[in-house]
Amino acid sequence: MKLSKIYDPREMNSYQFVAATGLVMTLLAHLILALIGKSINNFAALYICWAVFFTLGTIANYNSRPNDNDHHHH
């Protein structure tokens, strides 16, 4: 089990990478909304969605068996 598949973007699969990017963008949007004093109902539910998406991507990443010719990088 290689823990770098969780935190290293070079080791992440596409699902994990999209989820991590979505989380960062959601955090920034939440900060902007707080700064301008706006609120969106159920906006915090996005964090749960990104966490589930990342978790499923992590499971898929650990179960994958890439061959030596696999050159998919982010």
Side-chain angles (χ1 to χ4, degrees):
M1 187 160 122
K2 202 172 173 186
L3 288 179
S4 62
K5 288 186 172 189
I6 295 174
Y7 63 83
D8 187 358
R10 293 172 296 176
E11 300 272 339
M12 291 179 182
N13 63 15
S14 296
Y15 299 109
Q16 290 172 292
F17 194 78
V18 167
T21 303
L23 178 63
V24 170
M25 297 303 289
T26 301
L27 284 168
L28 290 173
H30 216 155
L31 178 65
I32 292 169
L33 287 170
L35 288 174
I36 63 174
K38 298 274 182 176
S39 177
I40 298 175
N41 292 335
N42 297 324
F43 189 76
L46 282 172
Y47 296 110
I48 296 169
C49 293
W50 293 129
V52 169
F53 202 58
F54 188 85
T55 302
L56 293 175
T58 301
I59 292 168
N61 198 0
Y62 277 122
N63 290 331
S64 69
R65 302 272 188 249
N67 58 22
D68 293 334
N69 295 326
D70 187 20
H71 295 288
H72 181 74
H73 299 285
H74 296 280

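Tested against W50, the residues L46, V52, I48 include a single side chain to side chain contact (heavy atoms under 4.5 Å, CB included) partner, L46. When each of L56, D8, T55, T58 is tested with Q16 by the rule side chain to side chain contact (heavy atoms under 4.5 Å, CB included), just one qualifies, namely T58.
The aromatic rings of H30 and F43 lie perpendicular to each other, with more than 60° between the two planes, well past the 30° mark.
Under the 4.5 Å side-chain criterion, counting only non-hydrogen atoms from C-beta, F54 is not in contact with L23. For the pair L35/L31, a side-chain contact is recorded, criterion being any heavy-atom separation below 4.5 Å from C-beta on.
Scanning all heavy atoms of the two residues, the minimum distance from N13 to A60 falls at ND2-CB, 4.0 Å. Of all heavy-atom pairs between S64 and N61, the closest is OG-O, 2.9 Å.
Among residues two or more places apart in sequence or in another chain, the side chain to side chain contact (heavy atoms under 4.5 Å, CB included) test is passed with I32 by none.
I40 and L28 are members of different hydrophobic clusters when ILVMFWY side chains are connected at heavy-atom separations under 4.5 Å.
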